[in-house]
Amino acid sequence: MLAATATIAAAAPPAAPDPLLAPYAAPKLLARLPDGRRINLVCMGHGSPTVIMTAGLGDWSAAWRKVQGEIAADTRVCAWDRAGFGFSDPSPAPQDLAHTTADLEQALKAAGIAGPYVVAGHSLGGYESLLFADRHRGEVAGMVLVDPSVPGQSRMFAARAPRLKAYVDGLSAQAIDGIRSCVDKLKSKADAHACLDYPPDYPPDLKRAMTPYDLDPARGVTEISLYASFDKATDMVVDPARTYGDMPLVVLSALGVRADLPPGAPPEAMAEMDGFLDALIHDRDTMAALSTRGVNRRIEGTSHYIQMIKPEVVIAAIREVVGEARASAAR
């Protein structure tokens, strides 16, 4: 995602409970992995190819709530929760890109969800989408990347915007410290419920369902591992030899609205923001060029969460890629 760990650009949540969260208010398809853990998948619709949706860092399947139901009218679509998020079990393994992508692979196998696939990833979810496509090239028929993190992003960030990266890394460290503090409280059972802080658009039934999961300290440990692995993930996904031939590929890049940072961001850090965002756009052009049919579309009037701010753009891109994948299969 745009930040090394913590979200620095998000849509403002509505004040009232969001009815679109209803399908995500309980565990759905719990795929049991070989080690006994369960990964939650929320699947809707019927048809082929199956769209696999991967959320950004710190998010879970509900991040797709404005998109998934619309896509389900056209084909089968499954969003999944990484270990320790949503309704998936925590994991004792390091939550680097290799492990999170392996969880996705094993969950799809255990659930009997076969290809062909169209993979759709937001932010950090673009990394799992890339790595999954690399490992299953014959089964991935298309790709949509929504304001994705780019390969080598941490090194590029440090080179193009060192002050901004230092500031964002500080925010990320604060977020990790906050989770670690909650883990300690959960282990000691000291005021544990004070750590439960849900967005105001979460309906009461969703909060009740998630509370037992969030009171497990192992969940916080898993989340910390994912956040701390971001810089490593940006390097793990670098592959100069990567190519996707003529696979339908659409990249959507936020344009026209600068990323949001907390009030009081240092001016010297903010002065580097435009240069960093320009570099991201350039690198996303390179990602689109992985396919001869790839395109990087600049989306005006939105920030990082395009699927929340302009869901119609994401819906149209996924439908376009699904249609092209079906046409290719027919030929």
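For reference, positions follow the sequence shown, starting with 1.
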Salt bridge or not for [X] and [Y], using N-O below 4.0 Å?
| X | Y | value |
| --- | --- | --- |
| Asp285 | Arg298 | yes |
| Arg163 | Glu272 | yes |
| Arg135 | Glu128 | no |
| Arg155 | Asp231 | no |

Indicate if [X] and [Y] have the same hydrophobic cluster label, given that clusters are the connected sets of ILVMFWY residues with side-chain heavy-atom separations under 4.5 angstrom.
| X | Y | result |
| --- | --- | --- |
| Leu280 | Val238 | no |
| Val321 | Leu290 | yes |
| Ile318 | Leu20 | no |

Which pair of heavy atoms, one from [X] and one from [Y], lies closest together, and at what distance?
| X | Y | result |
| --- | --- | --- |
| Met44 | Ala72 | CB-CB, 3.5 Å |
| Gly126 | Leu145 | CA-CD2, 3.9 Å |
| Ala159 | Pro162 | O-CD, 4.1 Å |
| Leu215 | Pro217 | O-CD, 3.4 Å |
| Ala254 | Ile281 | O-CD1, 4.1 Å |
| Pro248 | Ala141 | CD-O, 3.3 Å |

TODO: List the steps and the verdict of side chain to side chain contact (heavy atoms under 4.5 Å, CB included) for Arg137 and Met247.
DONE: CA-CA 10 Å; Arg137 183 63 190 89; Met247 181 180 76; 3.4 Å; yes
Between the side chains of [X] and [Y], is a donor N or O closer than 3.5 angstrom to an acceptor N or O?
| X | Y | answer |
| --- | --- | --- |
| Ser61 | Asp81 | yes |
| His46 | Thr75 | no |
| Tyr198 | Asp214 | yes |
| Asp96 | His99 | yes |
| Thr54 | Arg82 | no |
| Asn296 | Ser253 | yes |
| Ser328 | Arg331 | yes |

Give, for atom [atom1] of [X] and atom [atom2] of [Y], the distance between the pair rounded to the nearest 0.5 Å.
| X | Y | atom1 | atom2 | result |
| --- | --- | --- | --- | --- |
| Ile176 | Ser181 | CD1 | OG | 13.5 Å |
| Ile39 | Leu104 | CD1 | CG | 9.0 Å |
| Leu41 | Ile52 | CG | CD1 | 7.5 Å |
| Leu97 | Ser229 | CG | OG | 9.5 Å |
| Leu21 | Arg65 | CG | CZ | 4.0 Å |
| Lys232 | Gln95 | NZ | CD | 11.0 Å |

Mind checking whether [X] and [Y] have side chains closer than 4.5 Å, heavy atoms only?
| X | Y | result |
| --- | --- | --- |
| Val146 | Trp64 | yes |
| Ile113 | Cys43 | yes |
| Val221 | Pro92 | no |
| Met210 | Trp60 | yes |
| Arg76 | Val51 | no |
| Asp59 | Phe85 | no |
| Cys78 | Met53 | no |
| Leu252 | Val313 | yes |

TODO: Would you check, one step at a time, whether the test side chain to side chain contact (heavy atoms under 4.5 Å, CB included) holds for Tyr305 with Lys310?
DONE: CA-CA 8 Å; Tyr305 278 74; Lys310 289 195 170 185; over 6 Å; no
So, [X] side chain and [Y] main chain: donor-acceptor pair closer than 3.5 Å or not?
| X | Y | value |
| --- | --- | --- |
| Arg293 | Val250 | no |
| Arg284 | Pro148 | yes |
| Thr50 | Val77 | no |
| Tyr127 | Val150 | yes |
| Ser91 | Ala93 | yes |
| Asp103 | Ala83 | no |
| Glu312 | Val67 | no |
| Lys165 | Phe157 | no |
| Thr302 | Ile309 | no |

Open item on the list: Walk me through whether Asp177 and Arg180 qualify under salt bridge (Lys or Arg N to Asp or Glu O under 4.0 Å).
Closed with: CA-CA 5 Å; Asp177 287 344; Arg180 188 173 288 115; 3.2 Å; yes
Open item on the list: Tell me if the aromatic rings of Tyr24 and Phe87 count as close, with their centers under 6.0 Å from one another.
Closed with: no
Open item on the list: If the condition is salt bridge (Lys or Arg N to Asp or Glu O under 4.0 Å), which residues does Asp205 pass it with, not counting sequence neighbours?
Closed with: none
TODO: Return the orientation label for the His304 and His122 ring planes: parallel under 30°, perpendicular over 60°, tilted otherwise.
DONE: tilted
TODO: Go through the steps for Arg297 and Glu320 under the test salt bridge (Lys or Arg N to Asp or Glu O under 4.0 Å), then give the verdict.
DONE: CA-CA 13 Å; Arg297 292 182 181 145; Glu320 173 187 340; 2.8 Å; yes
Open item on the list: Let's go through Ile71 and Arg319 carefully: what are the C-alpha distance in whole Å and the side-chain angles of both, what is the deciding distance for side chain to side chain contact (heavy atoms under 4.5 Å, CB included) to 0.1 Å, and is it a yes or a no?
Closed with: CA-CA 7 Å; Ile71 300 302; Arg319 283 176 170 163; 4.0 Å; yes
Task: Residue of the set Arg32, Arg219, Arg38 for which side-chain hydrogen bond (donor to acceptor under 3.5 Å, both in side chains) holds with Asp89 - done: Arg38
Task: Criterion side chain to side chain contact (heavy atoms under 4.5 Å, CB included) on Ile299 and Leu255, from CA distance to verdict - done: CA-CA 5 Å; Ile299 309 303; Leu255 189 70; 5.8 Å; no
